[in-house]
Amino acid sequence: MKKQIIEVPVLSAAVRALGVPLSLVTKGAGLVFVSGTPPLDLSSGRLVKGDIEVQTEASLQALRHCLEAAGSSLDNVLMVRIYAANAGFYNAINRVYARHFPENPPSRTFVPVASWPMEFDIEIECVAVG
């Protein structure tokens, strides 16, 4: 099976407009790979501003939107990586995250990072069954 690039409504165009050389979602070998997804508004593609809980919710909604565009869902997620601009956000992120993965959560890694070239505090990526 060849690699398939998935067009995500609104968000793929927003990423292209920024000039970032990536595909939000690729599929291959029965898996779906979602690139690190910052807090993006699903209707405009613009960054969502707010505290870390607001940003986490927006990132997870965008992640869900990406998975659905690929014919998958949060229920099919195998692995998640959360990148946060501050390790102190850990507990607040977990509160929001737990609402999206209430039972049998996927494997997960939490990675504190120094900064991004844009104004957001979190980015979430995942691998799911296609």
Side-chain angles (χ1 to χ4, degrees):
M1 172 186 219
K2 288 187 171 187
K3 171 178 78 173
Q4 180 183 3
I5 305 300
I6 305 300
E7 182 71 12
V8 180
V10 179
L11 303 186
S12 289
V15 169
R16 280 193 299 275
L18 293 171
V20 181
L22 62 82
S23 296
L24 277 177
V25 182
T26 56
K27 282 179 84 169
L31 297 173
V32 176
F33 299 85
V34 179
S35 293
T37 306
L40 295 171
D41 180 82
L42 300 181
S43 60
S44 69
R46 292 189 187 104
L47 287 172
V48 172
K49 306 290 184 186
D51 66 19
I52 193 59
E53 290 192 29
V54 167
Q55 290 186 51
T56 301
E57 180 65 32
S59 288
L60 286 164
Q61 290 292 336
L63 190 80
R64 173 183 277 131
H65 185 62
C66 289
L67 288 164
E68 289 172 354
S72 192
S73 70
L74 290 177
D75 290 336
N76 291 327
V77 173
L78 301 170
M79 177 65 183
V80 173
R81 283 182 200 85
I82 298 174
Y83 302 93
N86 185 330
F89 292 153
Y90 187 77
N91 290 329
I93 290 168
N94 281 339
R95 282 192 295 274
V96 177
Y97 183 89
R99 292 194 303 261
H100 291 266
F101 296 100
E103 294 180 11
N104 302 314
S107 299
R108 191 183 93 177
T109 301
F110 180 87
V111 183
V113 298
S115 67
W116 281 279
M118 293 176 229
E119 294 183 31
F120 57 86
D121 297 312
I122 189 167
E123 192 173 78
I124 303 173
E125 69 174 298
C126 75
V127 177
V129 176

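One is the number of the first residue; the rest follow in order along the sequence.
In this structure a side-chain-to-backbone donor-acceptor pair under 3.5 Å is missing from His100 to Gln61. A distance-only check finds a donor-acceptor pair linking the side chain of Thr37 to the backbone of Ser35 [under 3.5 Å]. A donor-acceptor pair is defined here as one N or O able to donate and one able to accept, closer than 3.5 Å; such a pair exists between the side chain of Ser72 and the backbone of Val129. Formation of a donor-acceptor pair under 3.5 Å by the Glu123 side chain with backbone atoms of Pro38 is not found in this model. Lys3 places no side-chain N or O within donor-acceptor distance of the main-chain N or O of Thr26, the cut-off being under 3.5 Å.
To the nearest 0.5 angstrom, Leu18 atom CG is 5.0 Å from Met118 atom CE. Note that CD1 of Ile52 is 12.0 Å distant from CG of Asn91, once rounded to the nearest 0.5 Å. Rounding to the nearest 0.5 Å places OG of Ser73 at 7.5 Å from CD of Glu68. Atom OG of Ser59 sits about 9.0 Å away from atom CD1 of Ile93, to the nearest 0.5 Å. Taken to the nearest 0.5 Å, the CZ atom of Phe89 stands 8.5 Å off from the CG atom of Asp51.
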| request: May I have the step-by-step check of side chain to side chain contact (heavy atoms under 4.5 Å, CB included) for Ile124 and Leu60, ending in yes or no? | output: CA-CA 7 Å; Ile124 303 173; Leu60 286 164; 3.8 Å; yes

| Candidate pair Ile6 and Val32, rule side chain to side chain contact (heavy atoms under 4.5 Å, CB included), full reasoning | CA-CA 9 Å; Ile6 305 300; Val32 176; over 6 Å; no

| field | Verdict with supporting geometry, Glu53 and Arg99, salt bridge (charged side-chain N to carboxylate O under 4.0 Å, His left out) | value | CA-CA 12 Å; Glu53 290 192 29; Arg99 292 194 303 261; 5.1 Å; no

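Smallest separation of non-hydrogen atoms from Val54 and Lys49: CG1-O, 3.6 Å. The shortest non-hydrogen separation linking Phe110 to Ala84 is CZ-CB, 3.7 Å. Closest approach of Val77 to Ala128, counting heavy atoms only: CA-CB, 3.8 Å. Across all their heavy atoms, Gly45 and Ala14 have their closest contact at O-CB, 3.6 Å. In terms of heavy atoms, Phe33 sits closest to Gly28 at CE1-O, 4.3 Å.
A cation-pi geometry, defined here as NZ or CZ lying under 6.0 Å from the six-membered ring centre and within 45° of its normal, does not hold between Arg108 and Phe101.
Contact check for Val34 versus Leu67: side-chain heavy atoms found under the 4.5 Å cut-off. Between Val80 and Tyr97, some side-chain heavy-atom pair lies under the 4.5 Å cut-off. Contact annotation: the side chain of Pro106 never approaches that of Met79 to less than 4.5 Å [non-hydrogen atoms, C-beta and beyond]. Leu63 is listed as a side-chain neighbour of Leu74, based on a closest heavy-atom distance under 4.5 Å. Contact check for Leu11 versus Cys66: side-chain heavy atoms found under the 4.5 Å cut-off. For the pair Leu22 and Val15, the minimum side-chain heavy-atom distance is below 4.5 Å. Taking the side chain as every heavy atom from C-beta outward, Ile122 and Ile82 approach each other to under 4.5 Å.
Hydrophobic clustering of Ile, Leu, Val, Met, Phe, Trp and Tyr side chains at less than 4.5 Å, counting indirect connections, keeps Leu78 apart from Leu24. Both Leu40 and Phe120 belong to a single network of hydrophobic side chains, linked directly or stepwise wherever heavy atoms of I, L, V, M, F, W or Y lie under 4.5 Å apart.
In the hydrophobic clustering, where aliphatic and aromatic side chains (Ile, Leu, Val, Met, Phe, Trp, Tyr) are joined below 4.5 Å either directly or transitively, Ile5 stands alone.
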